[in-house]
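FYI, the numbering just counts along the sequence from 1.
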Amino acid sequence: MAATWRQQVPGDDDFAFYGVPEHPDGTVRLAVDGPTEQTVAVDLERLPMETPQATLDAATTERTMILAELYRRGEGRRLRAVGQGYDHGLADLARGYGVDVAE
């Protein structure tokens, strides 16, 4: 699946990465805790209400997509971008994860 993200940041200061690990107002912060541990912390209360959501322009034959996974790890939570599409429906995907879906 080829994905194209169609969203731009309002300005250079809104792009946090290793060289600039924190937004000037502290809303988003990248923490690098060693060679393999990275964390992105987002203060949801400080995000502007008008913040647009990213648009994924990718589907061809896919009927169901997993865009991201939010899960617990230790005492915290993680968000992992996935971007995986499936030709079958949501019920089949849910069953694959052990969810009992009524027809």
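Remark: Y86 OH to R63 CZ distance equals 14.5 Å, nearest 0.5 Å. To the nearest 0.5 angstrom, E62 atom CD is 10.5 Å from H88 atom NE2.
Looking only at distances, no side-chain donor or acceptor of Q84 sits under 3.5 Å from a matching main-chain atom of V82.
Evaluation of the salt bridge (charged side-chain N to carboxylate O under 4.0 Å, His left out) test over residues 15-32, restricted to residues two or more places apart or in two chains, returns none.
Qualifying side-chain hydrogen bond (donor to acceptor under 3.5 Å, both in side chains) partners for D92, counting only residues two or more places apart in sequence or in other chains: R95. For L90, the side-chain contact (heavy atoms from CB on, under 4.5 Å) criterion is met by T64, L93, not counting sequence neighbours.
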For this session: Go through the steps to decide whether T61 and D87 satisfy the test side-chain hydrogen bond (donor to acceptor under 3.5 Å, both in side chains), and finish with yes or no.
Result: CA-CA 6 Å; T61 61; D87 289 336; 2.6 Å; yes

